[in-house]
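Read through the structure below, which is laid out as structure tokens, and then see the notes.
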Amino acid sequence: MKTRRKTEQKKRNSSLASRISAFYTKMFAQWLTIVLVSIIIVVIGFSAFSQYYAVKPSIDILEEQTSVAEIVEAIRSNKDSLFSLLNSDSQIIASSEKLLSENLTVYNIDYVGAQIHNRKVYVSIAKNYFLENQDLKLIIFFNITLMLIEIAIIGALAILLFFISVLTIYIQGNYLTRKTFRLLDEFIEKANNISSQNLNLRLNVNNSTDELVELSMTFNRMMDRIESAYEKQKQFVSDASHELRTPIAVIQGYARMLERWGKDDKEILYESIEAINKEAKNMQDLVDKLLFIARNDKDTMVLIKDRFNMSELMEEMVKETIMLDTKRNIESQVEPDIYVNGDRDRIKQALRIFVDNAIKYTDEGGKIVLRLGKDGEYAVASVIDNGKGISEKDLPNIFDRFYRVESSRERDKGGHGLGLAIAKIIVLRHGGRIKVSSKLGAGSRFRIYFPLN
Ligand code: ADP
């Protein structure tokens, strides 16, 4: 099936290649024909012209004569040209010496005549005179044998040149077009073979020429993007399964414990119920986050945007944080009446992630500052802590899905490494951006920019 498709494709390409090279050959042949025909016309014209000019002085002499006797005498004494004079009864009354010596037969003609004599070709033309009340006719002969031989040689050479050139062009054109189409064959073959199992297929750029290099590179770049997106997706699914496996294993463990001892041992009963509840909540939280990210990936997340008072939202966050966390000092510096156009709930969700992280990664007794101000066209919310900070090595990755700094992996800290990825999605969807500065052991500062209105 696959081979048949390939053969058909090759056939299609080669017929296209032949059509292209045939087109160029035809164009070249037409052009060459025009050139060669023009050369032949010029040669014939030139020969005819030179023949005419050779006899012109003799004709001029004849034209100067005023009597029949004079013109007869002028013809008889002419040595160079082939002249014969006829009277109105078609009788020859004079012939030039050369005409007599070549033994040519003179026929009466009206305008033009031709004859072959002694393997030579002659063309004759007639010229009428009226002298002393007589109609006379001068027949002038031209020996065109040499001219014909010239034309024959030039014509033969031209035809030979024509066929050699056309053949060369056809062979070269065919070779070049087929070479070009070979890359397309490879292109089609690779594209047909691409599947999720071999996204690493690439075109060999060194095989291509000029524009085809660009085509191959574009194809390869597209494959790079697809492969990296696919790898990310695969990693995401594998990380998600891994994260879900732990709470499932914990729940299964406690269920087994309940089965064995839970009916008799009250302590084990309560401990198991509490643990199962905690893990179920953990799973619920993870599934919610995964759904959120999936919705964003599918572009189906709907933001309900409205103009709202960001200063009020920030004050609300401060109050909630003070209630939630009594072990750290929460400070606030909120500029009043800053309005932003956006989805209030989502923005609160994003800020919550930054504030929760500040609490999670700052020791008890530490300080957390929540600030809101303006910077140009942006409202800037800052979450600053003097907690454990993030190393330079980890900083570029903290917004990646499932990325967690090694030291934050203890299970009691909670979290799955999805918080900042979600916060980033929300901020970017609002046309905003995030800046982080952090120093290991000294603390972190997250600045979140939202466009004002
Ligand atoms: P997690 O669920 O692990 O908190 P996040 O995506 O919210 O996941 O954060 C990713 C990682 O960034 C965390 O594991 C943590 O190491 C680091 N991080 C985030 N915020 C802070 C902060 N304020 N101080 C120190 N480290 C932080």
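Positions are given from 1, in the same order as the sequence printed here. Only heavy atoms go into these numbers, but all of them, side chains included; no hydrogens, no water, no symmetry mates. Indexing begins at 1, ligand by ligand and atom by atom, following the structure's order.
Taking a cutoff of 4.0 Å between a charged side-chain nitrogen and a carboxylate oxygen, Lys360 and Asp356 do not qualify as a salt bridge. With respect to Arg221 and Glu214, a salt bridge is recorded, a charged nitrogen being found less than 4.0 Å from a carboxylate O.
Ring planes of Tyr122 and His117: tilted class, angle from 30 to 60°.
Without hydrogens or angle criteria, Arg307 side chain to Tyr339 main chain gives no donor-acceptor distance under 3.5 Å.
Contact analysis puts Ser444 in contact with ligand 1, with a non-hydrogen atom separation below 4.0 angstrom.
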Exercise. Show your working on salt bridge (charged side-chain N to carboxylate O under 4.0 Å, His left out) between Lys319 and Glu316 and close with a plain yes or no.
Key: CA-CA 5 Å; Lys319 259 192 219 150; Glu316 211 172 288; over 6 Å; no
Self-check item: Verdict with supporting geometry, Glu243 and Arg404, salt bridge (charged side-chain N to carboxylate O under 4.0 Å, His left out)
Solution: CA-CA 12 Å; Glu243 285 293 322; Arg404 306 192 72 196; 5.9 Å; no
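By the criterion of a heavy-atom distance under 4.0 Å, both the backbone and the side chain of Leu420 are placed next to ligand 1. Residue contacts with ligand 1 for Phe446 involve side-chain atoms from C-beta outward but no N, CA, C or O (heavy atoms, distance under 4.0 Å).
Backbone and side-chain nitrogen or oxygen atoms of Asp385 are examined, and one is located within less than 3.5 angstrom of a nitrogen or oxygen of ligand 1. Checked against a 3.5 angstrom limit, the closest N/O atoms of Lys360 and ligand 1 fall inside it.
For ligand 1 and Gly419, the ligand atoms under 4.0 Å from any heavy atom of the residue are 5 (P), 6 (O), 7 (O). Listed by number with element, the atoms of ligand 1 under 4.0 angstrom from any heavy atom of Val405 are 14 (O), 16 (O). The contact set between ligand 1 and Gly417, taken as ligand atoms under 4.0 Å from a residue heavy atom, comprises 1 (P), 2 (O), 3 (O), 6 (O), 8 (O). Taking every non-hydrogen atom of His416 and a distance limit under 4.0 Å, the qualifying atoms of ligand 1 come out as 2 (O). Atoms of ligand 1 lying under 4.0 Å from any heavy atom of Tyr403, numbered from 1 in the order shown and given with element: 10 (C), 11 (C).
For NZ of Lys348, the number of neighbouring non-hydrogen atoms (other residues, nucleotides, ligands) closer than 6.0 Å is greater than 12.
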